[in-house]
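What follows is a set of notes on a single structure, which appears directly below.
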Amino acid sequence: MSENVVRLHKPTNPPPTEPSAVTRLTVVPDPPPARPVPLWVRSGRAVKTAVTHERTKTVVRATARHSLYTLNGGRIVARRAWDGRTGSRYERMLRAAEASGNYEVAEEWEERLQRFREARHRRRMDLLHSPVDAAKGVAVGTGMSVGVLVALGIVMAINTGQVGDVITPLSATIDFIALLIRIVQVVWGPALTIGPFLALLALWSVGRKQQAAPQWALPANIRSGEGEPITPSIVVKALRDLGIPALRNAIKEMGDAGAGMLGPIRIAGCGVEVDVTLPSGVSTNEVQNRRRKLAENLTRHEHEVFITIPEAARTVRLWIADSGALDEPIGPSPLVTDETLTADYAKGKAPWGQDLRGDAAALSLYQRHLLITGLSNQGKTAALRALALWLALDRSVEFWMGDLKGVGDWAMFDGLATKLIQGPTDDHVIQVTEMVEDAVEEMNRRLQAPPGTAFPPLIVIVDEAQVAFMCPVKDEDKRPYGGSSSTSRYFMAARKIHNQGRAVNVLLWQGTQDPTDQNLPKLVREGAHTRASLALGTESQARMALGDKAVDGGAAPNLLRPGLDKGTLVVASDGIEIPKGQSSITVRTHYISTDDAELIAARAKRLRDGVTTLHAIERGEEHDPLADIASVLGDAPRLRTQEVITRLAALNASAYGKWSFIDLKRVLDGTGAEPYKSDGVMVVGRDRLARALANRDSEGSASASG
């Protein structure tokens, strides 16, 4: 092993070292001092800084603004005075009516102008006689006043016995007039000094109210468009700048009366509404197709302007939101805030949300098939579920549900719905299809019932129905479950319910996403009485969702903002109040969270005697009537016989679909669980049925052991 030796003394003969390299230093002279900036340059920079400073700009804007308020206020007052004294207003309206092609209105304004001129001529002729009449009036008035004062003095003289009191009232009146003259003499000088300032202040107030100043001089919030009030001049200017030559030329021909096209601007919820009568040669769709440009001309975003077509010919109705108002939430649903709220399927309306005016939007569900569509993750399930939660508060309503997403959005209906199938697979599609076919059988049974028979509402809900339409699986007879042919099972079942279900209160509600002709066939979507759409991608999809009539009338779910307008629906239905002349209405729905939905569902469950929810549809041939009756009773201590028959039919339509009271009584006779009367109606008791099953099981065990 080698060791390292450490030497502790300095060697006496160090090894020679190489001579070190020579370092050369270069001396760099100091830079010459900077030349002083000339005074005129520094002065110019200072002036530029002062002139371009934000405070200077603010002061200049304020000075120009308030000066122009006064100047333009004077112009406005002068114009109003001129309009009041002459027929210029009538002439402008006459030209506006002629430019817009509305000759009936033009004739009406011409008649008004003629009446004004006749009245003005009479007033001028009266002025020829007025000086003489005025002089006579003054003389008569003065004489009568003096006579009255003298008569009053005579009365005072008789009362006091002093002859001098005869002229006392007259002298008092003269003294009072002299006092008024002295007051006027004192006030006249200051009034002459202050009067012009008060007049300028009045003109400034008029100009400020009308914002009569250039755009660059206005305050920052108005300059940027935030909160800018909608006035007739702003609307006319926005229409003029749309880029429609016929409209622009017509407005120019109207002179200053372009506002003659406009109806009154009305406050409507969180915005304003105005009807615009378009001039001849301008079609309504030309304005509709320029919605974005019109919104920007009005200093609004595209989603803050809605254009609809009312009944009046050649008219568009503009609804213009306050800036940012549509981005504010609308508040919780009454279903969440009011625990005493109840539902009535036949006469009530579901509190769904608010329209753009801020009014409550309620939807009637009575005998109306429903279709809600839109892009994914826009609030379709929440909107559909909100309607079902309200209707669940009517204990007479029965639900069959199929959720082909299967993530628990409808889980709170477990114990409330008679059937609840949840899952996205082909097996779940088969189950849902068979559920809808069972609804068809129930519909046929009801249609064949005696006339006048009342049927409780049966609501069949299929969420994510596009999964069913797109299912490629075929049954043993080679019939596809999906598709849109005459052999497609889900399609044909939906069509049959659409055709006749509403007559016997069997209704189909469907929720789909991203509609196409493949995943939402034409015949099915047109069979819904209430059609609603969230944000969509294209106009063609909007036509699929709502129909051509609604889209041609201004419905535009394709212009809603995906992700930002969640829960906002465009609805076409006779079950909701739609403004007269419109074919659709935009509704901002209340959002009900899953936790709140569970609380509402719990309230609905307390209204019922107990519901056994089937999560799969059994198709076996063997069945046990006694056990099935016990199953449909659930936790209810007793149940009306008709309700038992209805639930048995829902449980197994093939076995119990045609049952009557006689069939039920036949099965229960001799078991100890026979129907009996309670409160005047025939019922089946749970305890009696449990004893009958126990006795049957014990007898079976005994016979087996023997």
Side-chain angles (χ1 to χ4, degrees), residues 306 308-311 317 319 330 333 343-357 359-374 378-391 394 397 457 459-463 465 494 497-499 501-503 505-513 515 520 522-536 541-558 560 565 567-590:
F306 287 80
T308 54
I309 311 299
E311 290 181 346
R317 178 168 295 162
W319 185 87
I330 65 171
S333 169
D344 188 333
Y345 163 74
K347 299 178 181 179
K349 290 187 175 183
W352 211 10
Q354 293 180 1
D355 61 16
L356 295 178
R357 293 171 170 267
D359 299 330
L363 179 67
S364 172
L365 303 173
Y366 178 65
Q367 292 187 345
R368 290 179 176 88
H369 301 299
L370 178 67
L371 172 66
I372 297 181
T373 187
Q378 298 303 308
K380 168 182 55 63
T381 297
L384 184 61
R385 189 176 65 185
L387 298 176
L389 287 170
W390 175 80
L391 196 56
D394 183 342
V397 178
I459 309 299
V460 182
I461 300 176
V462 180
D463 195 10
I497 294 177
H498 279 170
N499 288 339
R502 66 184 301 270
N505 287 329
V506 177
L507 303 177
L508 178 61
W509 294 4
Q510 296 182 98
T512 70
Q513 62 176 256
L520 187 58
K522 178 181 176 65
L523 292 179
V524 170
R525 62 182 184 246
E526 291 186 349
H529 304 97
T530 295
R531 299 167 72 173
S533 176
L534 295 114
L536 288 172
Q541 287 183 316
R543 293 184 180 276
M544 292 179 191
L546 300 177
D548 292 337
K549 179 181 178 181
V551 174
D552 291 338
N558 52 300
L560 295 174
D565 290 326
T568 299
L569 288 160
V570 181
V571 185
S573 171
D574 61 350
I576 193 170
E577 186 175 352
I578 296 177
K580 186 177 180 181
Q582 295 181 199
S583 56
S584 65
I585 187 172
T586 301
V587 177
R588 303 171 68 197
T589 59
H590 297 292

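Below, each value reflects all heavy atoms present in this structure, side chains not excepted, and no hydrogens, waters or symmetry copies. Nothing fancy with the numbering, it's 1 onward along the sequence.
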Tell me, please, which residues at least two apart from [X] pass salt bridge (charged side-chain N to carboxylate O under 4.0 Å, His left out).
{"X": "Glu577", "result": "none"}
{"X": "Arg502", "result": "none"}
{"X": "Lys347", "result": "none"}
{"X": "Asp565", "result": "Arg561"}

Nearest 0.5 angstrom please: [X] [atom1] to [Y] [atom2], how far?
{"X": "Ile372", "Y": "Arg385", "atom1": "CD1", "atom2": "CZ", "answer": "12.0 Å"}
{"X": "Leu520", "Y": "Arg525", "atom1": "CG", "atom2": "CZ", "answer": "6.0 Å"}
{"X": "Leu356", "Y": "Thr568", "atom1": "CG", "atom2": "OG1", "answer": "8.0 Å"}
{"X": "Met544", "Y": "Ser533", "atom1": "CE", "atom2": "OG", "answer": "11.5 Å"}

Heavy atoms, side chains only, cut-off 4.5 Å: are Leu569 and Trp352 in contact? yes
Any Thr373 side-chain heavy atom under 4.5 Å of Leu546 side chain |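 Not in contact.
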Search all heavy atoms of [X] against all heavy atoms of [Y] and return the closest pair with its distance.
{"X": "Thr530", "Y": "Ser573", "value": "OG1-OG, 2.7 Å"}
{"X": "Leu534", "Y": "Gly379", "value": "CD2-C, 4.1 Å"}
{"X": "Ala555", "Y": "Pro557", "value": "C-CD, 3.7 Å"}

**Report entry** Test: Asp574 and Arg368 ion pair at under 4.0 Å
**Finding:** yes
Next item on the list: Taking atom types as modelled, find out whether Asp359 and Gln354 have a side-chain donor-acceptor pair closer than 3.5 angstrom.
Entry: no
Those residues that, when tested against [X], pass side chain to side chain donor-acceptor pair (under 3.5 Å) (two or more places apart):
{"X": "Asn558", "result": "none"}
{"X": "Gln378", "result": "none"}
{"X": "Ser583", "result": "none"}

What residues form a side-chain contact (heavy atoms from CB on, under 4.5 Å) with [X], not counting sequence neighbours?
{"X": "Asn499", "result": "Arg495"}
{"X": "Leu391", "result": "Tyr345, Leu365, Val397, Phe399, Ile459, Trp509"}
{"X": "Ile585", "result": "Asp355, Val571, Ile576, Ile578, Pro579, Val587"}
{"X": "Val551", "result": "Glu539, Ala542, Arg543"}

I'd like to know if the side chain of [X] reaches the main chain of [Y], judged simply by a donor and an acceptor atom lying under 3.5 Å from each other, with no hydrogens or angles considered.
{"X": "Thr512", "Y": "Ala465", "result": "no"}
{"X": "Arg317", "Y": "Pro310", "result": "no"}
{"X": "Arg531", "Y": "Ala545", "result": "yes"}

Sorted by chain and residue number, the ring-ring contact (aromatic ring centres under 6.0 Å, His included) partners of His369 (sequence neighbours excluded) come out as His498, His529
